[in-house]
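Read through the structure below, which is laid out as structure tokens, and then see the notes.
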Amino acid sequence: MFPQILAVLTGIGVPILLAAGGYILTKKRERDAELRTEKLEHYKAFVLSLNGILEDEAAPETQRSFSQACNNLNLIAPQEVLQCLHEYKEEIRSGNLNRNAERERKLCSNLFQSMRRDLGVNPRDKSQLEITLWSANVKAK
């Protein structure tokens, strides 16, 4: 009698466990995809605001937009991205008397690389990817 009950319970329990496991894994993938989409939106907003503060394009409203985008990254970006962001902001801040264009480019590149890693966008070769920003050289009004 016991082997029959065990067989019935196994026949019922295994499919239920498999279904539950599949459901949990599917939900986890969905949450990960939603989080990745949310991060991408925040990163896009940050890059858009960064375009507004490039040299000779900065206006008070673009400075505020940049500050807001940086603050929003505190909600969603991992520690590596936030550390790179902090280092970059320290370099580009107006009060930095030792501002260095080469260091600024390097820190900006590090920031973008950390954001790309967070999104799972990695170069195929593992050499250092250098990212540079383009400026339209339009004076702020």
Joint hydrophobic cluster, [X] plus [Y], side-chain heavy atoms closer than 4.5 Å:
| X | Y | result |
| --- | --- | --- |
| Leu35 | Met115 | no |
| Leu48 | Ile92 | no |
| Leu85 | Val121 | yes |

Item to complete: Using the test ring pair (Phe, Tyr, Trp, His ring centres under 6.0 Å), find all partners of Phe66 that sit at least two apart in sequence or belong to another chain.
Response: Phe46

Discussion item. Side chains of Asn110 and Tyr88: any donor to acceptor distance under 3.5 Å?
Written reply: no

Discussion item. When you measure from the side chain of Ser109 to the backbone of Arg105, do you find a donor-acceptor pair of N or O atoms at a distance under 3.5 Å?
Written reply: no

Worksheet item: Short question: side chain of Glu91, backbone of Asn100 - any donor-acceptor pair under 3.5 Å?
Response: yes

Fill in: Validation row: Arg93, Lys89 side chains within 4.5 angstrom (heavy atoms)
no

Worksheet item: Tell me, do Ser114 and Leu111 make a side-chain contact under 4.5 Å, heavy atoms counted?
Response: yes

Worksheet entry | Stepwise salt bridge (Lys or Arg N to Asp or Glu O under 4.0 Å) check, Arg36 with Asp32 | CA-CA 6 Å; Arg36 186 173 185 268; Asp32 290 346; over 6 Å; no

Kindly list each side-chain donor-acceptor pair under 3.5 angstrom involving residues 70-79, sequence neighbours excluded, with atom names and distances?
residue: Asn71; atom: ND2; partner: Ser67; partner atom: O; Å: 3.2
residue: Asn72; atom: ND2; partner: Gln68; partner atom: O; Å: 3.4

Rounded to the nearest 0.5 Å, what separates atom [atom1] in [X] from atom [atom2] in [Y]?
| X | Y | atom1 | atom2 | result |
| --- | --- | --- | --- | --- |
| Arg103 | Glu87 | CZ | CD | 6.5 Å |
| Gln113 | Cys84 | CD | SG | 8.5 Å |
| His86 | Leu107 | NE2 | CG | 11.0 Å |

Over all atoms of both residues, closest heavy-atom pair of [X] and [Y]:
| X | Y | result |
| --- | --- | --- |
| Asn96 | Glu90 | ND2-O, 3.5 Å |
| Ala45 | Ala69 | O-CB, 4.0 Å |
| Leu119 | Leu40 | CD1-CD1, 3.8 Å |

Fill in: Carboxylate-amine/guanidinium proximity below 4.0 Å for Glu34 and Arg31
no

